[in-house]
Every structure is written in structure tokens, then in C-alpha cells.
Amino acid sequence: MKTSSAYIIPADFPDPDIIRVNDTYYMVSTTMHFMPGCVILRSHNLTDWEHAAYVYDELEQTPGQTLSDNKGVYGKGMWAACLRYHNNKFYISFVANDTHKTYLFTSDKIEGPWKRSEIQGFYHDMSLLFDDDGRVFCVSGNKDIWLTEFKEDLSGPKEGGIHKIIVQDDAEKIILGYEGSHFYKINGKYYIFFIHMPKGKMRTQACFYSDKIEGPYKGGDVLCSDLCGWNSGTAQGGIVQTPDGSWFSVVFQDHGALGRIPVLVPVDFSKDFPVFGKDGKAPEKVAVTDLKPGYEYAPLYSDDFTNPVWQWNHIPDKSLIEITKNTYSIKTGKLCINPVQAQNTLTQRTFTEHCTGEVFLDASNINDGDVAGLCALEGEYSFIGITKKSGKLYLIKAEHKIPYSPWTMSVFDDTQPEIKEEKEIQTPRLFLKAVFSLEHQKEQVQFFYSLADDSSKNQNTKSASTAEALLIPSANPFTPFGTPAPLRYTLDQFVGVRFALFYYSTIKTGGKVIFRDFKMRIGEQNYIY
């Protein structure tokens, strides 16, 4: 047995659905506007995970998904995918809230290639069930939960098939109605798991079950539990059975600016109605059986720009970028006014409550009005970067705030960032660093910089690259720039804060910057600058 923290991945992987195929668990998670999208993770013990695949490189070449409209599809894109394995084939289905379509992807292998099609209709937070008699069903919806029978090829609803409301929530008693459906047949009974939020409670896991597919369904709450003092419920996710017959659920917990992070919760199916957690609580530690002891997992963070943990903010224009393991070069091809509108922004999740990222930036070829830098990207972003005005270079730190509204979603930002600090500099080559502290109610980022001084070449570093030489602390110590910028999770982008390398033009396109030698550290609370 292996004992692990219930926080199986300390990063933003929301809306998990999970299956097991032989000795391997697969989990899919929401990626919204990021490309490539619909990430699938792999594990052999339910607690250690690595990247397995993306389902698509890009979804739709719309003005929003390409960011050519300077609005994007923030808070939209793909949500809450369903992952199934049936007759030796993988199935993934989900809706995109900007295209208003329901997508189906199938593959013989988890790594792909994935064949894309569409399901007629729109099925919010859908979950598929392949029944024993060959029929296929979907549950979906919010507050009113619908059961829909699909055609055998899943192209749409079956003519004359079941289509009815099977569960309803009371609108007068809730903040968030039943949604996030997960549909199963276990020991001859039909189970549907939901997330919802009754008034006066945190996010709650609910379950309804029936002896018959069409109902009637009965049930209620199965888990209303905080974890580790975050005052935030653990809910919404799939369940999976281990080879020894044990059951677990992978749900998520809102974890502030870090995002919605996966939590492993044991489930007891000894009676008809499942029991989540222990003594009504989500435990902080879980014990699992390792199906592949000694397996080495690739980290879910990386310094390598070609590693799949990096995603573009929207569909990239590949004619404007060049990428290698150590370098990321960008040209500008449109005008915009802030990082949220910037094309070809390369991002990576923050990982753990304490993490830091450093990068070397060469802005030798920027134009007046250009801005490039390292951003803490979410709805309320902040960044450190370089700009040019009237031929002079300036180091800047900027922030963007939005009015507080707990349920405002899918808005776009058409304002310029507020410059908090500005300093004229003489070199276009510099190192930037972001240090994140994402503890409960202490969520902030502190930025640092180090100017690239040619005198550093006098160091004894003939065998190293210029960038590597400049990283020697004695040659280029980092200096704090401005005060820490507060961070908080907002629903306009609906994602945890990310490292983001960005570049945009406000006056004239065609400039170019080069990011090089990104370095990331995690889990450290005390840094030496």
C-alpha cells in the first residue's frame, strides 16, 4: 500500500473524470481556452500522475479561439469532459460554451490519433453510459437533469428514445444547482453523481440512484467537507474501481488563485447508497495500491518549452513563432493593448502553493509601443516586462484589477494595464522572475529582475552560454521590483494563475522578442535572491 496526500496534484486540473484500463488509470480535465486542449493524465496508483495526451491541437478556427478579435473565449471553450472506454475504444465527449456544440472524440489508443465528430444538440456537463443491452445514454444539465438516449453511433438523440428530466433541484434553496454529472451502472443499479451548492453550504457532492435507467431516482448529499482549512468543499468528479474492488472518487477543491485542484476520496459501496470519505469528511491522507511499483512519472511542470505541460493561451499563429527546447521567439502580427489580448502567449500552470519561474528575455528588436514580459496570468493579472517609448527602454510592473463579482463569467478585458512601477534601463536583455505564494488568504506574486550586463562575460564561463553565465548569482543578483501583487481566483477566465510569456504591439507590428532558458522551482517557501 502507498499512503499519500489527498491532494494528488497541487495544480489547476478541474472537472476530473476517471477510468481504469487494466493497470492504468486515465483522467481527463477541463482546459477551456488553452491550446492544445482537453488534457489526459495517466497513473498507476491514483496519486502520482503524468501527462498522457491532448485530445486536440485546436478546436475551431473562430475569431474568438484564435484571439484575432482581441476578445478571446475566456471562461468558455471546452468544459467538463466525459471519458469512457467501451469495446476497446476510448470516448471523450464535451461541449464548448463559445461554439455551442457538443464534440465527440474517439481513439483506439489514449495517445491518439483522436477522430473528431459532433453530437447533435447541446448537453451541459454531459456524462455517457454504455448500457449492457447495447443502448447508449447521456445525463446532462444544470438544476434540471436530463436523461437522453443516443443513437448507437452517438451522432445525436435516438428518435423515439428516452428524453426526460430525472432529477430536479429546488431553485429557492440553492446557489448552484445540480450539475457536473457522472453516470454509472454498478451492481445492476444506476448512479449519477453531481456537484451543487445549497444555500448556507460549501460545494457539495450529491448522488442519486435507481433500479431502472428511466428512474425514479432518489438520493441527496453524500459529502459536504472542507479539506485543510480552505473553507471550500470537495466535490464534482468521477469514480473508479481498483482491481482489488475498492472505490475512489477524484473530485476537486477550490484552492484560491492556485485553481481547482484534484482530491482523492475513498468511496464505500458496501450498501446501495455510497459513502464518501471517512466519518463524513474528506481525509487528508489516503492509502492506495500501486499497480506498477517503481514506475517513474514525468513531472507536470517543465523548463523545456517543447514539453506538453506548456499551452498557448488560445490557438497560436505558428507563422509568428519559433520554439525549441530552450528558446521561444515571437513576432507580433496584430495590434492590441494588454496581455490578455496578446497572441501566441505561452503558459504553464503554477504548481504547489510555493513556486518560482525565471526567464531570460532579449527584446533587442522591439518597436515603440511594444510590451513583453513574464505575467502572472488570470482574470486579475500582473506582470513584469519591458517596453519602448520614444526610442527609450523601460522596465515596468503592471497590474489589472476587476470589480468583485462572484459569478461574473466570460467577460473580456479591453482596458490597458495599470503601470505600478517604471524604470528606464539601458539594455534590452534582462532576466525576469516571478515568485508565487499561494497559501490561503496569502495569495500574491513578487517580481524580480536582473539586467544583462556585458561585463558579466568576464566571468570564468567560457564553456557556458551567455544566458547561463548571466544566471550566476554573484554576477547578476535579482532585485525586487515593486511590491507584491495580490492574486485571486475570478470567473472571467475561470482558471488558476499561470506563468505566461507574452509579447504584444500597440503601435506597429513586426517586432520580435526571444525568451530563453526558463527555469522553474516548486515547493520552496524561502528563496535567496
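A quick note: this is a predicted structure, and the numbers were derived from the prediction, not measured. Count residues from 1 along the sequence.
- Counting heavy atoms from C-beta on, the side chains of Leu83 and Tyr91 never come closer than 4.5 Å.
- With sequence neighbours left out, the side-chain hydrogen bond (donor to acceptor under 3.5 Å, both in side chains) criterion links Thr242 to Asp244.
- Side-chain polar atoms of His196 and Glu179 form no donor-acceptor pair below 3.5 angstrom.
- Distance check, rounded to the nearest 0.5 Å: OG of Ser43 to CD1 of Ile18 gives 7.5 Å.
- Judged by distance alone, the side chains of His440 and Glu353 never bring a donor and an acceptor atom under 3.5 Å apart.
- Counting only N and O atoms by type, the side chains of Trp146 and His163 include no donor and acceptor under 3.5 Å apart.
- For the atom pair CG of Leu377 and CZ of Arg349, the computed distance is 13.0 Å after rounding to the nearest 0.5 Å.
- Of the possible donor and acceptor atoms, one in the side chain of Asn344 sits under 3.5 Å from a partner among the backbone N and O of Asp317.
- For the pair Ser155 (side chain) and Ile119 (backbone), a donor-acceptor distance under 3.5 Å is absent.
- Ring geometry, Tyr85 versus Phe90: the interplanar angle falls from 30° to 60°, so the pair is classed tilted.
- Between the side chain of Thr31 and the backbone N or O of Gly37, no donor-acceptor pair lies under 3.5 Å.
- Looking only at atom types and distance, the side chain of Thr324 has no donor-acceptor partner in the side chain of Asn326 under 3.5 Å away.
- With sequence neighbours excluded, the residues that form a salt bridge (Lys or Arg N to Asp or Glu O under 4.0 Å) with Lys2 are Asp48.
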Apply salt bridge (charged side-chain N to carboxylate O under 4.0 Å, His left out) to the pair Glu60 and Arg116, showing each step before the final yes or no.
CA-CA 12 Å; Glu60 299 273 5; Arg116 167 183 157 165; 2.7 Å; yes
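- Counting only distance, with no hydrogens or angles, the side chain of Tyr217 and the backbone of Glu214 share no donor-acceptor pair below 3.5 Å.
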Identify every side-chain donor-acceptor pair in residues 256-267 under 3.5 Å, counting partners at least two apart or on other chains, and give the distances.
{"residue": "Arg260", "atom": "NE", "partner": "Tyr489", "partner atom": "OH", "Å": "3.3"}

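- Nearest heavy-atom pair across Gly496 and Asp12 is N-OD2, 3.0 Å.
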Does Glu358 form a salt bridge (charged side-chain N to carboxylate O under 4.0 Å, His left out) with Arg521? I'd like the steps, not just the answer.
CA-CA 9 Å; Glu358 308 170 3; Arg521 295 196 302 272; 3.4 Å; yes
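- Nearest approach of Ser181 to Val139, heavy atoms of both residues: CB-CG2, 3.7 Å.
- Contact of the Ile195 side chain with the Thr204 side chain is not registered, since no non-hydrogen atoms from C-beta on lie closer than 4.5 Å.
- The line from CG of Asp15 to CG of Asp125 is 6.5 Å long, rounded to the nearest 0.5 Å.
- Under the ring-ring contact (aromatic ring centres under 6.0 Å, His included) rule, Tyr123 has a single partner from Tyr103, Phe150, Phe137, Phe94, which is Phe150.
- Taking the ring centroids of Phe276 and Phe193, they lie under the 6.0 Å cut-off.
- Summarising the geometry, atom CD belonging to Gln120 is positioned 13.0 Å from atom NZ belonging to Lys101; distances are rounded to the nearest 0.5 Å.
- His44 places a side-chain N or O within donor-acceptor distance of the main-chain N or O of Asp23, the cut-off being under 3.5 Å.
- Judged by distance alone, the side chains of Tyr190 and Lys185 do bring a donor and an acceptor atom under 3.5 Å apart.
- For Phe436 and Phe499, the gap between ring centers is short of 6.0 Å.
- Proximity of Ile514 to Glu322: side-chain heavy atoms (C-beta onward) are nowhere separated by under 4.5 Å.
- The distance from the CD atom of Gln493 to the NE2 atom of His33 is 5.0 Å, given to the nearest 0.5 Å.
- Within the 3.5 Å criterion, the main-chain N or O of Asp272 finds a donor-acceptor partner in the side chain of Tyr191.
- Side-chain atoms of Asp98 come within 3.5 Å of backbone N or O of Gly77 as a donor-acceptor pair.
- Trp312 has its side chain within reach of Ile321: a pair of non-hydrogen atoms, C-beta onward, lies under 4.5 Å apart.
- Of the possible donor and acceptor atoms, one in the side chain of Trp310 sits under 3.5 Å from a partner among the backbone N and O of Asp304.
- Considering only heavy atoms from C-beta on, Met520 comes within 4.5 Å of Phe351 through its side chain.
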Audit row: Arg488, Glu380, salt bridge (charged side-chain N to carboxylate O under 4.0 Å, His left out) steps and yes/no
CA-CA 7 Å; Arg488 69 180 177 97; Glu380 292 196 345; 2.9 Å; yes
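- Every residue two or more places apart in sequence or in another chain was checked for a side-chain hydrogen bond (donor to acceptor under 3.5 Å, both in side chains) with Thr102, and none qualifies.
- Between Phe383 and Phe502, the distance from one ring center to the other falls under 6.0 angstrom.
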Apply side chain to side chain donor-acceptor pair (under 3.5 Å) to the pair Lys334 and Asn70, showing each step before the final yes or no.
CA-CA 9 Å; Lys334 68 168 188 176; Asn70 281 350; 2.5 Å; yes
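- Around the CG atom of Asn187, the shell of radius 6.0 Å holds no more than 12 heavy atoms that belong to other residues, nucleotides or ligands.
- Under the 3.5 Å distance criterion, with hydrogens and angles disregarded, no donor-acceptor pair is assigned to the side chains of His182 and Gln236.
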Result block: side-chain N/O donor-acceptor pairs under 3.5 angstrom for residues 284-295, not counting sequence neighbours:
{"residue": "Asp290", "atom": "OD1", "partner": "Lys292", "partner atom": "N", "Å": "3.0"}
{"residue": "Asp290", "atom": "OD2", "partner": "Asn45", "partner atom": "ND2", "Å": "3.4"}
{"residue": "Tyr295", "atom": "OH", "partner": "Glu50", "partner atom": "OE2", "Å": "2.4"}

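- Checked by atom type, the side-chain pair Arg498/Gln311 shows a donor-acceptor distance below 3.5 Å.
- Side-chain atoms of Arg84 and Ser127 form a donor-acceptor pair, as typed in the model, at a separation below 3.5 Å.
- In terms of modelled atom types and a separation under 3.5 Å, the side chain of Ser249 and the main chain of Gly238 share a donor-acceptor contact.
- Leu154 is listed as a side-chain neighbour of Leu128, based on a closest heavy-atom distance under 4.5 Å.
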Salt bridge (charged side-chain N to carboxylate O under 4.0 Å, His left out) between Asp226 and Lys281, worked out:
CA-CA 7 Å; Asp226 184 27; Lys281 301 293 183 182; over 6 Å; no
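- With contacts defined as side-chain heavy-atom distances shorter than 4.5 Å, the pair Thr327/Phe515 does not qualify.
- Between the side chains of Gln253 and Tyr7, at least one donor-acceptor pair of N or O atoms lies under 3.5 Å.
- Applying the side-chain hydrogen bond (donor to acceptor under 3.5 Å, both in side chains) rule to Asn313 yields the partners Tyr74; only residues at least two apart in sequence or on another chain are considered.
- Counting only heavy atoms from C-beta outward, the side chains of Phe305 and Leu346 approach each other to under 4.5 Å.
- Although no hydrogens or angles enter the test, the distance criterion places a donor-acceptor pair under 3.5 Å between the side chain of Asp268 and the main chain of Ser270.
- Ring geometry for Trp79 against Phe494 counts as perpendicular: the plane angle is over 60°, on a 0 to 90° scale with 30° as the lower cut.
- Between Thr30 atom OG1 and Phe252 atom CZ the span is 8.5 Å, to the nearest 0.5 Å.
- Using a 30° and 60° split on the angle between ring planes, Phe194 and Tyr178 fall in the tilted class, from 30° to 60°.
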